[in-house]
Amino acid sequence: MSKKISSVVGAPIEGRSPARMAWERIKTDRTAKISAFTIGIFVTLALTAPIFTWILHTSPDQFHPETLDPTFGTNPLGKFGGISSEHWFGVEPRTGRDVFLRFAYGARTSLSIALSATALATVIGVLVGLISGFYGGKIDLVLSRTMEIILAFPSILFALAVTPVFENVLEGWGVPTGNTTRIPVMIIVLSMFGWPYIARIVRGQVISIREKEFVEAARSIGATRTHLVFKEILPNLWAPILVTVALNIPTMITAEAALTFLGAGVIDPTSDWGAMLLASVPFYSVDPTYTFIPGFGLFLLVLAFNLLGDSVRDALDPRSSR
Amino acid sequence: MSLMKKALALVGVAALASTTLLSVNAASAATTFATPVAPIKGAVKGGTVTILAQGDFEHLDPARNYVGGTLDFYRLFTRTLTQYRTVNGKTDLVPDVAADLGTTKDGGKTWTFKLRTNLKYEDGKKITCADMKYGVMRSYNDDILDGGPTYAKDFIDNPTSYKGPYTEPGKDLPTVICNSKGDAITFKLAIPVPYFPYVTTFGAFSPIPKAKDTKQNYELRPLSSGPYKIESYSRGKELSLVRNDQWDPKTDPVRWNYPDEYHVIMGADQNVIEQSLISDSGNAKTSVSFDTNIITNLSKVLNVAKYKDRLFNFDSAYNRYYAINVDTVKDINVRKAIQCAVDFKSILLAAGGTSAGSYANSTIPKSIKAAYRNFNVCGRDVSKKPEAQLDQAKAFLAKATNPKTTLRLAYRDRGVEPLRAAALEQSLKAAGFTVIMDKYPSSDFYAPAAKRGVPNEPDIIQTSWAFDWAAASGIVYALFDARTMSPEDAKSNQSRGDFADLQKLFAKADTSATAAQEKILGDIEQSLIVDKAAHVSVYFETSHYMAGSKVGGLQVDGGYSTLSVLGAYVKK
Amino acid sequence: MTSINNPILSVQGLTKHFPGGREGLIGKRDVVQAVDGVNFEVAAGEALGLVGESGCGKSTTGRLITRLLEPTAGTVTFEGQDISHFSNTQMRPIRTQLQMIFQDPYASLNPRHTVGTIVSTPFKINKVTPEGGVKKRVQEILEIVGLNPEHYNRYPHEFSGGQRQRIGIARALALRPKLIVADEPVSALDVSIQAQIINLMKDLQKDFGLTFVFIAHDLAVVRHFAQRVAVMYLGNIVEIADRDTLYATPKHPYTKALLSAVPEADPDAIGARERIRLTGDVPNPINPPSGCRFRTRCWKAAEICATQPPALLQIGKTQVACHFPE
Amino acid sequence: MLKYTLRRIVSGTLVLGIVSAIVFAIFYILPSDPARLACGKSCTPELVARIQVALELDQSLPIQYGRFIKGIFVGRTYLENTDAARECGAPCLGYSYQTDLPVTQLLVDRLPATLSIAIGASILWLLIGLSSGIVSALRRGTWIDRTSQGFALAAASLQIYFVGLILQFIFVDKLAWLPMPGYTSPFDYPLDWAKQMVLPWVTLAFLLSAIYSRLTRSGMIETMGEDFVRTARAKGLSSRDINLKHVLRAAMTPIVTVFGLDLGSLLGGAVITEYVFNIPGLGKLSTEAVTNLDLPVVTGTVLFAAFFIITANIIVDLLYSALDPKVRLT
């Protein structure tokens with residue numbers, strides 16, 4: 001592992017910001033390009049899902065009884081889960097719903113929940129980490145203990161248990177239950193357990209940056225706290241934050257699918273990859289295609305995000321090991 | 001009400017419906033059934049039969065037991081006044097603790113049963129008439145002993161408003177009478193019940209000595225009067241039965257006693273049970289499941305020669321239907337539109353296709369010949385044309401003078417029920433309705449869905465019924481008789497129908513002899529479905545139970561419509 | 001003790017205690033006595049050198065003067081105003097007069113900001129708009145400190161250590177302050193660069209009539225820059241004198257020891273000095289020695305040193321805190 | 001060291017106390033009526049009231065919580081001084097609404113299955129993860145390294161519920177090499193136990209060893225570049241000795257951390273693994289309890305799992321000092 005700073009070589013050419021340098025490093029990284037491309041495909045699929053509804057003349061919720069074996073409703077007619085020119089990824093056992101459309105719409109749900117949860121967790125985590133690290137003292141003590149307590153929770157188990165409770169509370173307020181409440185509840189629950197990880201990293205960074213002379217320098221000029229936090233410290237956190245976010249997205253995608261898989265997630269008929277996997281469990285032996293498609297999709301997407309996250313980290317911190 | 005009850009079979013039900021009901025009326029002639037049951041050909045003693053169950057028994061207390069598989073199983077250690085006996089695929093009603101099938105001199109209002117006097121509990125003590133009476137009395141405390149059928153309390157005359165021995169200790173129930181010699185018990189009923197000897201097959205009519213009654217804990221260790229007794233019972237995990245040496249085979253017309261032990265293992269999942277029974281390795285060879293249908297792997301085993309001997313396929317008494325709430329869906333044309341919009345095909349496919357059930361126009365099965373009517377729903381034979389009749393549905397909807405296009409569909413969140421509801425939602429939408437899907441938790445569905453005049457009252461209730469005895473009286477009274485309802489609670493009359501013409505028919509049925517009564521009840525159902533459009537029956541479920549290759553002596557029990565383990569033995 | 005007329009900066013009894021670790025679960029907190037009763041004054045236009053080993057409290061003194069730290073006791077008077085307990089808001093107008101140059105040119109410049117941003121930040125924070133606009137002014141300053149004004153949009157990582165320190169100086173100069181506290185401004189630089197920076201600061205002092213408090217651990221560096229020198233030991237000032245007096249006739253044993261370690265540029269000037277080797281380590285500031293703090297390492301230490309802390313007294317041209325001055 | 005240990009235990013207990021208060025508050029301030037849940041299917045208002053009294057749900061929340069905590073440490077008696085008094089020995093976590101069994105007993109019953117998964121899988125993943133990580137680090141840059149690290153990254157992106165089902169399809173359904181996963185007591189049927197556990201072990205190990213492989217590799221590479229290793233090498237120690245004794249030991253610190261936390265959370269219930277493979281462990285118990293809203297069981301499983309996580313944290317911190325002399329305990 002080389003501890004050299006790579007950019008010292010040669011005379012300074014242009015005014016290149018560290019972000020720009022990172023961007024240039026990423027642009028030459030083949031893995032990063034392939035991963036980004038893969039993610040791009042999934043995002044496009046999610047965004048353009050309605051177009052396929054129009055092409056395939058059906059909706060993700062439409063039952064197709066004609067595609068199923070009338071004797072055994074669990075078996076799609078034809079090979080590989082009923083893959084055909086009308087149903088590109090086959091059909092769902094028992095209902096005959098189009099798996100491709102459910103996959104595309106599922107990408108929508110999974111990605112939007114995971115991205116929202118990541119965004120929320122990042123905002124909370126960065127704010128708390130900044131406050132905790134910058135102010136120190138009692139505020140830091142309280143916030144750090146809070147993080148410690150949240151991290152002591154068995155997160156999946158607790159998320160599973162807390163979802164019906166939250167929903168019950170909403171119901172008590174007269175909010176109709178269903179996906180309109182379930183999805184926000186999931187985002188809140190996921191970010192509730194996600195932010196401490198980000199906050200911890202940000203706090204550690206803030207504590208080390210807070211003591212740097214350039215912060216003192218700014219103070220000696222008369223900078224306000226807001227200026228110190230947002231103009232001096234925060235710009236130095238973009239790299240770790242970006243890396244955390246990049247590596248948090250796949251975690252959130254996985255967690256979202258796990259929650260839905262365990263039954264505390266998105267409710268049918270809204271499509272979701274975790275829900276598809278859950279629905280496939282009874283049929284894995286008679287119709288393995290139905291298990292494979294959402295499972296493999298999830299794998300590809302998470303892998304792409306993981307690889308991209310690694311590349312982002314390498315690009316932002318060239319000293320880290322490759 | 002038997003909404004929770006798993007199933008009652010159609011096999012052997014034909015015999016019950018057409019012949020046994022008559023033989024009950026001439027009950028004294030049936031004493032020949034009191035002889036011990038004949039041995040099963042080829043059966044040998046010894047070994048352990050393992051029973052794989054998804055969960056624990058809901059209740060083993062006889063007064064609280066109301067679930068098909070358990071109703072069969074608990075007979076291994078519980079004897080009741082009368083009981084079903086299945087030999088060579090034929091099910092008969094026989095006297096069990098009783099010595100005859102009961103006699104009545106006033107058309108079914110007073111019933112007297114002779115009792116066997118030579119029966120003992122596992123502790124060697126004699127079974128007495130007082131114990132039989134106490135068993136009935138404690139079933140009145142259904143606030144503590146919840147879960148069981150309430151027929152004893154419903155049918156037996158209660159002039160003193162008796163509330164059970166826990167609530168009113170020392171008080172007597174004067175309408176259940178033991179004679180002075182203690183060898184006969186008499187029940188005075190509030191109304192004539194000609195089929196009362198069927199009712200006495202339920203656990204409330206089993207002997208329990210007052211001294212051994214541990215109230216709600218009795219089900220953890222019920223005292224045995226049958227061929228086996230409980231050796232150990234760990235709730236949710238396992239239960240072991242061993243031989244009861246105080247039981248005398250010569251006194252028992254119902255039970256065999258081949259294995260040394262029955263071992264129940266609980267808590268495995270549907271799929272695990274299916275897979276291990278199919279794989280038939282190790283312990284699974286001597287295993288059987290009575291609460292788990294082969295569902296997901298059915299296509300791999302049905303009609304495959306290899307599994308033919310161990311796969312038991314039979315129609316169940318379990319009818320899946322939709323109740324259309326006439327309180328909220330007032331216009332008959334809207335109800336007819338709903339009936340036409342029901343897509344029988346996609347609903348049955350969601351449940352597993354024609355291997356999992358058979359289309360049914362009515363909730364009275366074909367086998368109850370006296371009451372069954374072969375009518376059409378939405379102008380077609382549903383077994384031939386199961387698809388939704390959307391054009392007709394739209395036409396009916398157009399005709400409605402009080403149109404209601406937003407429907408609230410109530411269903412239970414369990415198994416394939418949400419998918420079946422989704423299937424209905426689709427065809428209702430296609431017919432021009434807007435559907436609000438109202439999912440209820442699995443454990444809390446029937447009671448809230450039956451509440452009347454509440455906000456968000458459901459318009460369509462996706463539910464099911466299995467009769468407690470194979471007669472229209474076991475179905476139509478419970479599902480369609482307005483007299484069971486209150487203004488707040490529709491009970492099991494989920495369609496909430498209260499039609500004057502039908503009430504007249506019910507009044508007539510009340511006082512009719514059995515055969516005539518069955519015919520009238522059949523008329524009522526037909527009218528309710530065809531004329532009033534308040535009900536859509538969709539299909540009868542098919543059971544597919546599997547056993548290990550080393551288990552013999554299993555047969556389909558007509559009384560409880562399940563695979564009976566009473567005659568099970570381990571093949572050598 | 002002589003007073004300077006109209007000092008621009010006056011420090012009286014300046015004390016700073018930091019909280020240290022705790023003993024056990026619920027013990028008393030330790031106190032680190034970083035600076036303990038420091039007095040000195042600085043005249044306008046002069047450069048005062050503040051010298052001592054690392055950990056003696058000189059940097060803390062520098063931060064107390066610029067009010068990056070709040071003193072535990074004592075006063076800091078700047079241009080007649082007692083600023084020792086000024087709030088951030090009260091400090092704001094003072095800050096334009098009172099600037100600081102930092103030790104580490106790598107750490108003192110925000111790596112995410114361009115040179116232009118760094119040098120223009122003082123204007124933005126203090127909402128000062130110079131004639132001709134901020135950018136023009138910043139480029140002027142860059143030129144003054146010897147940097148190419150075209151470097152406005154470059155990032156710190158593209159510069160060498162010496163260039164970076166010039167950026168730091170440019171930032172300190174931006175608002176035309178009266179007093180600059182330079183905290184070891186050259187100690188992180190190569191020796192060849194050190195002279196350039198010191199010369200730059202000397203020129204600036206001359207051109208702009210700046211006052212400097214120059215903190216260093218190296219007496220040699222100070223000698224080329226400061227007109228007056230104060231020597232610190234373990235939170236106390238042990239000796240203050242003008243440069244020539246101090247270097248020629250050190251009064252405090254510690255000063256003597258320090259001087260003896262300095263490689264002599266002109267050995268004939270004062271005559272060969274014997275090299276004094278101090279024994280032992282600098283004592284722990286949590287628990288400083290009683291009486292004279294230097295006594296544990298002093299070859300002259302006597303009984304009185306352990307009981308009575310020596311006061312800073314005028315002896316000739318020098319102020320010295322020692323029971324047995326030279 | 002002792003002082004530090006004590007302090008960690010005190011603070012751990014404190015965290016557990018706060019966790020328990022939060023869990024208790026969340027699950028008992030629920031708007032839905034706990035007594036109604038305990039009541040079951042044919043429920044009457046009188047029965048709800050009776051259960052409310054029996055479970056002491058009619059008391060104020062602080063009193064309920066106080067009794068709950070008391071139950072954990074010294075046991076408690078429901079309906080004290082009445083005929084229906086029911087003794088619940090310490091550690092008492094109340095009674096399940098669904099089965100009316102003591103929650104503690106349910107937890108103890110389910111623990112062996114979870115232990116089986118956790119211990120077997122962790123041995124396997126440590127073996128695979130460490131060895132592949134070591135090989136990768138020593139053969140850095142070779143095809144072995146690239147393959148194993150590529151594989152590790154791919155494996156880390158897989159989901160138990162996907163891999164588990166696919167492996168089950170291949171090895172149970174298609175090849176019939178293994179029986180359906182499940183749990184039998186290793187003391188009664190050791191072979192059956194092992195056969196049924198193979199898939200859960202392999203699946204978990206497959207996914208988790210990836211992380212360990214990556215950690216081991218990067219940790220070793222980092223330490224190999226450090227001064228003390230160079231010194232050791234200069235002193236003439238064989239590179240095998242250096243790698244194993246010094247490098248691996250120094251690289252162990254992050255691995256111990258992650259391992260402690262993984263094992264801790266796994267012991268609290270391998271929720272997804274148990275769900276996929278139908279293993280009656282703590283995770284399955286908790287998912288069942290959540291489905292049935294069996295709040296005492298939910299509370300019990302969450303607390304039990306939190307207990308494991310906190311304990312693992314403490315042990316990890318203590319092990320730190322043993323492994324890495326640079327870490328000072330303050």
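Lettering follows sequence order; numbering is per chain, from 1.
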Do you know which two heavy atoms are closest between [X] and [Y], and how far apart they sit?
| X | Y | result |
| --- | --- | --- |
| A:Ala152 | D:Val19 | CB-CG2, 4.4 Å |
| A:Pro154 | D:Val302 | CG-O, 3.6 Å |
| A:Ala258 | D:Ile272 | CB-CD1, 3.5 Å |
| A:Asp310 | D:Leu153 | OD2-CD1, 3.9 Å |

Roughly how far, to the nearest 0.5 Å, is the [atom2] atom of [Y] from the [atom1] atom of [X]?
| X | Y | atom1 | atom2 | answer |
| --- | --- | --- | --- | --- |
| D:Ser157 | A:Leu307 | OG | CG | 6.5 Å |
| D:Leu282 | A:Leu157 | CG | CG | 9.5 Å |
| A:Tyr284 | D:Leu167 | OH | CG | 11.0 Å |
| D:Ile309 | A:Phe153 | CD1 | CZ | 9.5 Å |
| D:Leu158 | A:Phe296 | CG | CZ | 9.0 Å |

| message | Less than 4.5 Å to any heavy atom of chain D: does that hold for the side chain of A:Phe305, its backbone, both, or neither? | response |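 Answer is neither: A:Phe305 stays 4.5 Å or more from chain D.
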For [X], look at atom [atom1] and say whether over 12 heavy atoms of other residues, nucleotides or ligands are found less than 6.0 Å away.
| X | atom1 | value |
| --- | --- | --- |
| A:Arg182 | CZ | yes |
| D:Phe308 | CZ | yes |
| A:Phe80 | CZ | no |

| query | What residue pairs, at least two apart or across chains, pass salt bridge (charged side-chain N to carboxylate O under 4.0 Å, His left out) with a residue in residues 186-198 of chain A? | reply | none
| salt bridge (charged side-chain N to carboxylate O under 4.0 Å, His left out) contacts touching residues 159-177 of chain D (sequence neighbours left out) |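 Listed by first then second residue: B:Lys300-D:Asp173.
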| query | Looking at D:Ala154, D:Gly12, D:Gly283, D:Ser11, which makes the most heavy-atom pairs under 4.5 Å with chain A? | reply | D:Ala154
| note | In terms of heavy-atom pairs under 4.5 Å with chain A, the winner among D:Phe307, D:Phe169, D:Phe304 is D:Phe169
Please set out all donor-acceptor pairs under 3.5 angstrom arising from side-chain atoms of residues 244-253 of chain A, sequence neighbours excluded.
from: A:Thr244; atom 1: OG1; to: A:Pro240; atom 2: O; distance (Å): 2.4
from: A:Thr251; atom 1: OG1; to: A:Leu247; atom 2: O; distance (Å): 2.9

| task | Dump the intermediate steps for side-chain contact (heavy atoms from CB on, under 4.5 Å) on A:Leu298 and D:Phe162, then the final yes or no. | result | CA-CA 9 Å; A:Leu298 196 57; D:Phe162 174 45; over 6 Å; no
So which part of [X] gets closer than 4.5 Å to some heavy atom of chain A, the side chain, the backbone, both or neither?
| X | result |
| --- | --- |
| D:Leu14 | neither |
| D:Leu165 | both |
| D:Gln168 | both |

| side-chain contact (heavy atoms from CB on, under 4.5 Å) assessment of D:Ile18 paired with A:Arg145 | CA-CA 10 Å; D:Ile18 296 172; A:Arg145 281 295 127 88; over 6 Å; no
| field | Residue-level contacts of residues 271-279 of chain A with chain D, using a heavy-atom cutoff under 4.5 Å | value |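 Listed by number, the contacting residues are A:Leu277, A:Leu278.
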Picking from [options], which has the most non-hydrogen pairs under 4.5 angstrom with chain D?
| options | value |
| --- | --- |
| A:Val281, A:Leu262, A:Thr291 | A:Leu262 |
| A:Thr254, A:Ile156, A:Thr163 | A:Thr254 |
| A:Ser155, A:Ala304, A:Gly263, A:Pro288 | A:Pro288 |

| said: Parallel, tilted or perpendicular: which one describes the rings of D:Tyr161 and A:Phe261, with boundaries at 30° and 60°? | reply: parallel
